[in-house]
Amino acid sequence: MKYYAPKGLSDILPEEIPYWHAVEGEVRSAMSSYNYREIRTPMMEKTEVFARGVGEDTDVVSKEMYTFDDKGGRSMTLRPENTASVVRAYLEHKFFGKEELSKWYYVGPMFRYEAPQKGRSRQFHQYGAEAIGSDDPALDAELITLAIDILTSLGLEDVGLKLNSIGCPADREDYIEELVSYLEPKQEGLCADCQERLTTNPLRILDCKNETCQEIVKDGPVMTDHLCEDCQVHFDEVKSYLGELEVDYVIEPKLVRGLDYYTKTVFEVFSEDLGAQDALVGGGRYDGLVELFGGEPTPAVGFAGGIERLVLLLEELERVSHSGEGLDLYVATIDEESKKVAVKIQRELRKVGLITEVDYLGKSLQGQLGYADRYDAKYTAILGPRELEDDELTLRNMESGDQIKVSLDNYVEDIGKRITD
Ligand code: HAM
C-alpha cells in the first residue's frame with residue numbers, strides 16, 4: 001500500500017453516505033421552508049478575504065489556514081469558513097441593490113489546519129445559513145430555531161442552546177479594559193498563548209481550553225454587564241422571541257466565539273445525547289462585516305454546523321434508516337444470448353426508476369442468486385434459452401421464493417407494479 005489520504009482529510013465511504021444524504025436532505029428541506037436560497041462560493045479566496053473578515057489575531061487566521069501563492073504570485077487560501085466568502089459575494093454581485101434581505105444557505109467543504117481528533121478534521125463540511133440586511137432580533141431567533149429544527153428533525157432529542165451577547169465594538173472596548181485590568185495581576189498563571197492574547201486579543205482568553213486559564217477567568221467580569229442600551233434591548237428581544245418559540249437556552253456569559261466579526265448575539269448548539277462536548281453549530285450576528293468589506297453598514301446574522309460530528313452522533317445513535325438501499329431487481333442470466341436481452345431489460349426498468357443489476361462477474365446461476373440475496377434484491381428475473389423461446393422471463397420473489405412467468409411484451413409495467421406495490 002503506497003498512498004494514504006493526507007492526515008486530517010478523510011474519504012467518505014459508500015456505507016457512510018446514507019447518513020450524509022440524510023443530513024444534506026434535512027438541511028435542504030429545512031432551509032427551503034425557512035425561505036433560504038442556496039449560494040455556492042469558490043473553495044478558495046484571496047487570503048485577505050479571511051484575514052480581514054475573520055480577523056488576523058484569531059486562531060483560524062493566525063494558525064489554521066491553508067495559504068499558498070498561486071502561479072501568478074497571489075496569496076490564496078482554502079476557505080476555513082464561509083461567512084466571509086458569502087459577504088464578499090453579496091457585495092461583489094451588489095445584492096444590496098437587488099433584495100432588501102438576502103437569506104442564503106450553503107453546504108460544502110472547509111479547511112482548517114487543526115490537530116485532528118474525533119469530530120475535528122482538516123477538511124470538514126459545514127452547512128450554514130446567512131441572513132444579510134436586517135437587525136430584527138426576530139431574525140436572530142429564526143436562525144437559532146432553524147439550527148435546532150435541523151438537528152431535532154434528524155432525531156436528536158436533547159439539543160441544548162448556549163446564548164450570549166458580546167455587544168457592539170464600543171461595549172467590547174469597555175469590557176476588554178476591565179477584563180485586562182482583572183487579568184494583568186494574574187497573568188503569570190495564564191498559558192503562554194493567553195499571556196500573548198492579553199495584548200493581542202484578550203477576549204480569546206475567555207474561550208481558551210486550558211483549565212488554569214478557565215479557572216482564572218471564571219470569577220472575572222462578564223460581557224453582559226457592559227452592554228449599551230441598544231445592545232441590551234436587542235438581547236432582551238432575542239430572549240423574548242425564543243421564549244415565544246418555546247426554545248430553552250442557557251446564558252453563557254463567557255461565550256465569545258473564535259471569530260472576530262461577531263457583534264451582539266452569539267450562540268452555540270450542543271447535543272446532550274451521548275454527552276457530546278463539542279458544538280454542533282455555532283453562529284451569531286455580524287453587523288460590522290459588510291461595512292468592513294467596503295459596503296454600506298448592513299446588519300447580518302448566521303450560523304454554521306459541522307457535518308462530520310453530526311454524522312458521528314447519528315451513527316452512534318443509529319437514528320438513520322438504511323432501508324431502501326437494496327436492489328429492486330437482479331436480472332440473472334444463463335447464457336450469452338439471454339445476457340444480451342437482460343441488458344436491454346435492465347435499461348428499460350432503470351428508465352422507470354427501478355434499481356437493477358446484472359452479472360458482470362461470470363457467475364453461475366446459483367452464484368448470481370446468491371449475489372442477488374446478498375444485495376437484498378426484492379426480486380430476481382431469470383432469463384435462459386427456455387424463457388427466450390417462450391418470450392417470457394421467470395420472476396422470483398426473493399422473500400417468499402415464489403416464482404411466476406412474466407411476458408416479455410409488457411414486463412416493464414408488470415414488474416414495476418409488483419415492486420412498487
Ligand atoms: P465555527 O464555530 O468556527 O463558526 O464553525 C461552525 C461549526 O463547524 C462548529 O460548531 C463545528 O461543528 C464545525 N467545525 C469547525 N471546525 C471544525 C473542524 N476542524 N472539524 C470538524 N468540524 C468543525 C463558523 O465557521 C462561522 N462561519 C459560523 C457563522 C456563520 N457565524 C455566522 N454565520
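Atoms within each ligand, like the ligands themselves, are counted from 1 in listed order.
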So do Ile132 and Leu101 actually touch side chain to side chain, heavy atoms under 4.5 Å?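 In short, these two side chains do not touch, never coming nearer than 4.5 Å.
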Would you indicate whether the side-chain heavy atoms of Tyr36 and Tyr106 approach each other to under 4.5 Å?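 Tyr106 vs Tyr36: side chains apart.
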Exercise: do Thr77 and Thr67 side chains pair donor with acceptor under 3.5 Å: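 Yes, Thr67 and Thr77 have a side-chain donor paired with an acceptor closer than 3.5 Å.
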Taking everything shown except Arg52 itself, do over 12 heavy atoms lie less than 6.0 Å from its CZ?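 Atom CZ in Arg52 is not crowded, with 12 or fewer foreign heavy atoms closer than 6.0 Å.
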Could you go through Arg285 and Asp140, starting from their C-alpha distance and side-chain angles, then the distance that decides it, and tell me whether this counts as salt bridge (Lys or Arg N to Asp or Glu O under 4.0 Å)? CA-CA 7 Å; Arg285 220 166 231 293; Asp140 305 40; 2.8 Å; yes
Anything under 3.5 Å between an N or O on ligand 1 and a protein N or O? List each pair with its distance, or write none.
from, atom 1, to, atom 2, distance (Å)
ligand 1, 2 (O), Arg257, NH1, 2.9
ligand 1, 2 (O), Arg257, NH2, 2.9
ligand 1, 3 (O), Arg112, NH1, 3.0
ligand 1, 3 (O), Arg112, NH2, 2.9
ligand 1, 4 (O), Arg257, NH2, 2.9
ligand 1, 5 (O), Gln126, NE2, 3.2
ligand 1, 8 (O), Gln126, NE2, 3.1
ligand 1, 10 (O), Ala279, O, 3.3
ligand 1, 12 (O), Ala279, O, 3.1
ligand 1, 12 (O), Leu280, O, 3.1
ligand 1, 12 (O), Gly306, N, 3.1
ligand 1, 16 (N), Arg112, NH1, 3.4
ligand 1, 19 (N), Glu114, OE2, 2.6
ligand 1, 19 (N), Ser121, O, 2.9
ligand 1, 20 (N), Ser121, N, 3.0
ligand 1, 25 (O), Arg112, NH2, 3.1
ligand 1, 25 (O), Gln126, NE2, 3.0
ligand 1, 27 (N), Glu81, OE1, 2.6
ligand 1, 27 (N), Thr83, OG1, 2.9
ligand 1, 27 (N), Tyr261, OH, 2.9
ligand 1, 31 (N), Tyr262, OH, 2.6
ligand 1, 33 (N), Thr83, OG1, 3.2
ligand 1, 33 (N), Glu130, OE1, 2.8
ligand 1, 33 (N), Glu130, OE2, 3.1
ligand 1, 33 (N), Phe303, N, 3.3

Mind checking what makes ring-ring contact (aromatic ring centres under 6.0 Å, His included) contact with Tyr175, not counting sequence neighbours?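 With neighbours one apart ignored, the set is His226.
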